[in-house]
Amino acid sequence: KYLYPAGMRRASLMWNRRLVSEITERPLLVVEGIFDAMPYYENAVALLGKPTKYQVEQLKKAHRPLVIVLDGDAWEEGYALSQKLRLNGNRATHIKLPPGEDPGSVARNWMLDQIKKEGWKLNGNNTI
C-alpha cells in the first residue's frame with residue numbers, strides 16, 4: 001500500500017501531467033511512482049499509485065501513443081487500462097514487467113527494447 005501525506009487528494013493528481021497534452025509520436029510511459037518515471041522524465045507521467053477514474057479521463061485526452069507500465073504485480077490492471085484506452089481510440093499498449101519488478105528497477109535499455117517490440121518508434125539515438 002502507498003502512504004500519502006495527511007489530507008492529500010491523490011485522485012486528481014498526475015506527476016508531469018503536461019506531457020499528456022503534447023502532440024507527438026513519441027510514446028508516453030504511464031507509471032505508478034515518480035521514481036519509476038524519473039529515468040524517462042521527458043516522456044513519462046506518474047499516477048502516484050494505481051490509476052484513478054480522473055487520471056484515466058485525462059489519459060483519454062492524449063494525442064500521443066501511451067505505454068502503460070504499472071508495477072510487476074499490477075500487469076493485469078495495466079493491460080486492462082491499455083485496452084480501455086484503445087477502445088476510446090487512443091494508441092495504447094502495456095508492458096508486462098518481470099515479477100517483483102517495477103519500471104524504476106529494470107534496466108533502461110530493457111524497457112526501451114520492450115517499447116520497440118510493441119512497435120513504437122524511438123528517436124534515432126534509441127531514446128523516447
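Along the sequence shown, the residues carry numbers beginning at 1.
Between Val67 and Val30, every side-chain heavy-atom pair lies at or beyond the 4.5 Å cut-off. The closest side-chain heavy-atom distance from Met14 to Thr52 is not below 4.5 Å. The side-chain heavy atoms of Leu48 and Ile34, taken from C-beta on, include a pair separated by under 4.5 Å. In this structure, the side chains of Pro103 and Met111 come closer than 4.5 Å at one or more pairs of heavy atoms. Arg17 has its side chain within reach of Gln58: a pair of non-hydrogen atoms, C-beta onward, lies under 4.5 Å apart. The shortest distance between side-chain heavy atoms of Val56 and Leu81 falls below 4.5 Å. Side-chain atoms of Glu32 and Leu47, non-hydrogen and from C-beta on, never get closer than 4.5 Å to each other. Side chains of Tyr40 and Arg108 form a contact here, defined as non-hydrogen atoms less than 4.5 Å apart.
Residues satisfying the side-chain hydrogen bond (donor to acceptor under 3.5 Å, both in side chains) criterion with Arg91, sequence neighbours excluded, are Glu25. For Arg86, the side-chain hydrogen bond (donor to acceptor under 3.5 Å, both in side chains) test picks out no residue, with sequence neighbours left out. Qualifying side-chain hydrogen bond (donor to acceptor under 3.5 Å, both in side chains) partners for Lys96, counting only residues two or more places apart in sequence or in other chains: none. Residues meeting the ring-ring contact (aromatic ring centres under 6.0 Å, His included) test with Trp15, sequence neighbours left out: Tyr41. Applying the side-chain hydrogen bond (donor to acceptor under 3.5 Å, both in side chains) rule to Gln83 yields no partners; only residues at least two apart in sequence or on another chain are considered.
A distance of 10.0 Å separates CG in Leu59 from CG in Asn88, rounded to the nearest 0.5 Å. In this structure, CD in Gln114 is found 10.0 Å from CG in Leu112, a value given to the nearest 0.5 Å. Asn16 contributes atom CG, which lies 11.5 Å from atom CG of Leu29 (distance to the nearest 0.5 angstrom). The structure places CG of Asn109 at 8.5 Å from NZ of Lys116, a figure rounded to the nearest 0.5 Å. Atoms CD and NZ, from Gln55 and Lys60 in turn, are 13.5 Å apart once rounded to the nearest 0.5 Å.
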Mind running side chain to side chain contact (heavy atoms under 4.5 Å, CB included) on Val69 and Leu97 for me, showing each step along the way? CA-CA 8 Å; Val69 192; Leu97 297 174; 3.9 Å; yes
One pair to check against side chain to side chain contact (heavy atoms under 4.5 Å, CB included): Ile68 and Leu85. What are the steps and the verdict? CA-CA 10 Å; Ile68 312 303; Leu85 292 166; 3.9 Å; yes
Val31 vs Val45, test: side chain to side chain contact (heavy atoms under 4.5 Å, CB included). Steps then yes/no. CA-CA 6 Å; Val31 301; Val45 295; over 6 Å; no
Show your working on salt bridge (Lys or Arg N to Asp or Glu O under 4.0 Å) between Glu57 and Lys84 and close with a plain yes or no. CA-CA 11 Å; Glu57 291 305 312; Lys84 181 183 288 189; over 6 Å; no
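In terms of heavy atoms, Asp36 sits closest to Pro39 at O-CD, 3.4 Å. The two residues Ala37 and Ala46 come nearest to each other via the heavy atoms CB-CB, 4.3 Å.
Each of Asn43, Asn90, Thr24 was checked for a side-chain hydrogen bond (donor to acceptor under 3.5 Å, both in side chains) with Arg64, and the lone residue meeting it is Asn43.
Within the structure, side-chain hydrogen bond (donor to acceptor under 3.5 Å, both in side chains) contacts touching residues 72-82 (residues at least two apart or in different chains) do not occur.
Judged purely by atom type and a 3.5 angstrom limit, Asp102 uses its side chain to pair as donor or acceptor with the backbone of Ser105.
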